[in-house]
Protein chains: 2
Amino acid sequence: MALAHAILTALVDEELSGYDLAKRFDASLGHFWKASHQQIYKELSKLEQRSLVAARVIEQQARPDRIVYSVTEAGLAHLRDWAGAPAKPAPVKEDLLVMCHALGLVPAETLRTQMMKRNAYARERMEMLQRLEAKLFPDPAALKGRALGQYLSLRGGVRYERLWIDWSEECSALLEAREPRLKGHP
Amino acid sequence: MALAHAILTALVDEELSGYDLAKRFDASLGHFWKASHQQIYKELSKLEQRSLVAARVIEQQARPDRIVYSVTEAGLAHLRDWAGAPAKPAPVKEDLLVMCHALGLVPAETLRTQMMKRNAYARERMEMLQRLEAKLFPDPAALKGRALGQYLSLRGGVRYERLWIDWSEECSALLEAREPRLKGHP
DNA sequence: TAACCCATGTAACCTGTTACATGATTAA
DNA sequence: TTAATCATGTAACAGGTTACATGGGTTA
């Protein structure tokens with residue numbers, strides 16, 4: 001359900017095609033949210049059926065026509081209703097949590113390797129997000145409206161990666177303590 | 001895909017029926033992972049078809065027979081293979097992140113209310129997990145095998161709720177600073 | 001000449017939720 | 001007598017992934 005709202009939100013500022021949206025979801029919101037173009041096209045036609053967005057065709061020569069969408073009044077109202085309704089926490093479906101529970105069947109070293117890989121990944125992402133933060137929002141105290149929202153979600157992203165860095169290190173340390181390396185690692 | 005592995009993991013220690021598993025997913029692993037009984041029954045029959053689990057019927061009088069499952073050798077091997085293969089981070093699909101991006105269309109006060117609700121929820125859950133931690137794992141340094149894995153996942157849960165507490169407060173503060181309450185709240 | 005970008009989609013499939021269905025037993 | 005527990009499932013739908021399809025234009 002939330003993909004629909006993410007699309008509506010993106011369409012508020014500007015008319016966008018499905019193709020544009022798919023790219024957009026790789027950029028701003030897309031730091032957290034991934035949606036494939038297939039899914040976006042599907043969702044857009046559903047939204048159009050419900051009259052929450054309006055389509056407009058832009059003819060092009062030498063390549064397929066673009067179909068751009070904008071939010072309707074009904075779409076805006078729908079978005080506001082949604083924002084007022086209680087949001088429920090997304091379920092956490094992390095493979096690494098399941099692997100933790102599988103410890104004992106699976107060697108501690110295997111899990112530790114996974115944790116260290118995740119650590120490296122989280123570090124990279126955190127740095128990337130922090131660079132973005134410094135570049136786009138040098139003065140957070142002055143932010144308001146749309147920009148403030150983007151800043152807050154970036155902060156959430158940074159905190160999220162921080163969580164992974166810290167937790168994976170805690171896991172790694174405890175797993176190593178339990179199963180010390182024997183050779184080749186001083 | 002990961003539900004299958006969660007089920008296999010749970011079945012390693014003991015034979016369980018679909019009904020048992022559904023309850024189990026409300027307890028230990030279930031602090032993070034939710035699965036409905038419908039989904040579990042479906043998954044179990046798929047696992048049986050692939051010979052990763054074996055079924056055994058326990059006849060009962062006056063209520064439906066139980067069908068209990070145990071992991072096969074192939075199931076164990078499958079689990080180990082999975083644990084060795086690179087785990088990919090689960091996508092984050094949080095409504096509240098989308099709402100952040102919708103700020104400007106949606107009043108700051110609405111978002112702030114959502115954040116404070118989430119804060120209260122996260123506090124409750126964190127306390128619950130911490131009580132569990134203190135009760136089940138008074139001496140973390142001594143843990144190994146299965147118990148260590150459960151401890152680590154609990155720690156992950158605590159950190160996760162901590163993230164929500166901190167982030168929601170950061171958001172709440174910035175949203176309030178931007179849109180100060182006018183009346184009735186000293 | 002190969003690979004990628006633009007721009008749209010279809011089809012099959014897997015995962016997960018909601019609602020419905022049965023029918024006896026036990027506790028409030 | 002109402003509701004909950006035990007124990008199984010089916011069916012319809014929503015959400016999401018992967019693979020396939022088209023076809024000109026641009027860049028290496």
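Given the structure is predicted, the values throughout are model-derived calculations rather than measurements. Chain identifiers are assigned alphabetically (A, B, ...) following the order of the sequence lines, protein sequences preceding nucleic acid strands; residue numbering begins at 1 within each chain.
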Side chains of B/S168 and B/R118: donor-acceptor distance under 3.5 Å anywhere?
no

Grouping ILVMFWY residues whenever side-chain heavy atoms fall under 4.5 Å, the cluster of A/I58 otherwise contains A/V68

Would you tell me if any nitrogen or oxygen in the side chain of A/Y41 comes within less than 4.0 Å of OP1 or OP2 on C/dG9?
no

What residue pairs, at least two apart or across chains, pass salt bridge (charged side-chain N to carboxylate O under 4.0 Å, His left out) with a residue in residues 9-24 of chain B?
B/D13-B/R146, B/E14-B/R24, B/E15-B/R56, B/D20-B/R66

Let me have a per-nucleotide readout for nucleotides 16-28 of chain C, 5' to 3', with B, S or -, counting only protein heavy atoms under 4.0 Å.
BBBB---B-S---

Give me the bend of the helix from C/dT1-D/dA28 to C/dA28-D/dT1, using the axes of the five pairs at each end, rounded to 10°.
40°

For B/W167, enumerate each residue passing the side chain to side chain donor-acceptor pair (under 3.5 Å) test, keeping only those at least two apart in sequence or located in another chain.
none

Pairs involving residues 152-163 of chain B, ordered by first then second residue, that meet salt bridge (charged side-chain N to carboxylate O under 4.0 Å, His left out) (sequence neighbours left out)
A/E170-B/R155, A/E170-B/R159, B/R125-B/E161, B/E133-B/R155, B/R162-B/D166

D/dG15, OP1 or OP2 - any side-chain N/O from A/K46 closer than 4.0 Å?
yes

Who passes ring pair (Phe, Tyr, Trp, His ring centres under 6.0 Å) against A/Y41, sequence neighbours left out?
A/H37

With sequence neighbours left out, the residues meeting side chain to side chain donor-acceptor pair (under 3.5 Å) with B/H31 are none

Between C/dC6 and A/Q60, is there an OP1 or OP2 to side-chain N/O distance shorter than 4.0 Å?
no

Would you mind reading off the distance between A/I7 atom CD1 and D/dG16 atom C1', rounded to a whole angstrom?
13 Å

If you compare every side-chain N and O of B/Y19 against the phosphate oxygens of D/dC6 (OP1, OP2), does one of them come in below 4.0 Å?
yes

For A/Y121, the other hydrophobic cluster members (4.5 Å side-chain criterion, sorted by chain and number) are none

Could you give the CD-to-C1' distance, from A/E59 to D/dG24, as a whole number of Å?
17 Å

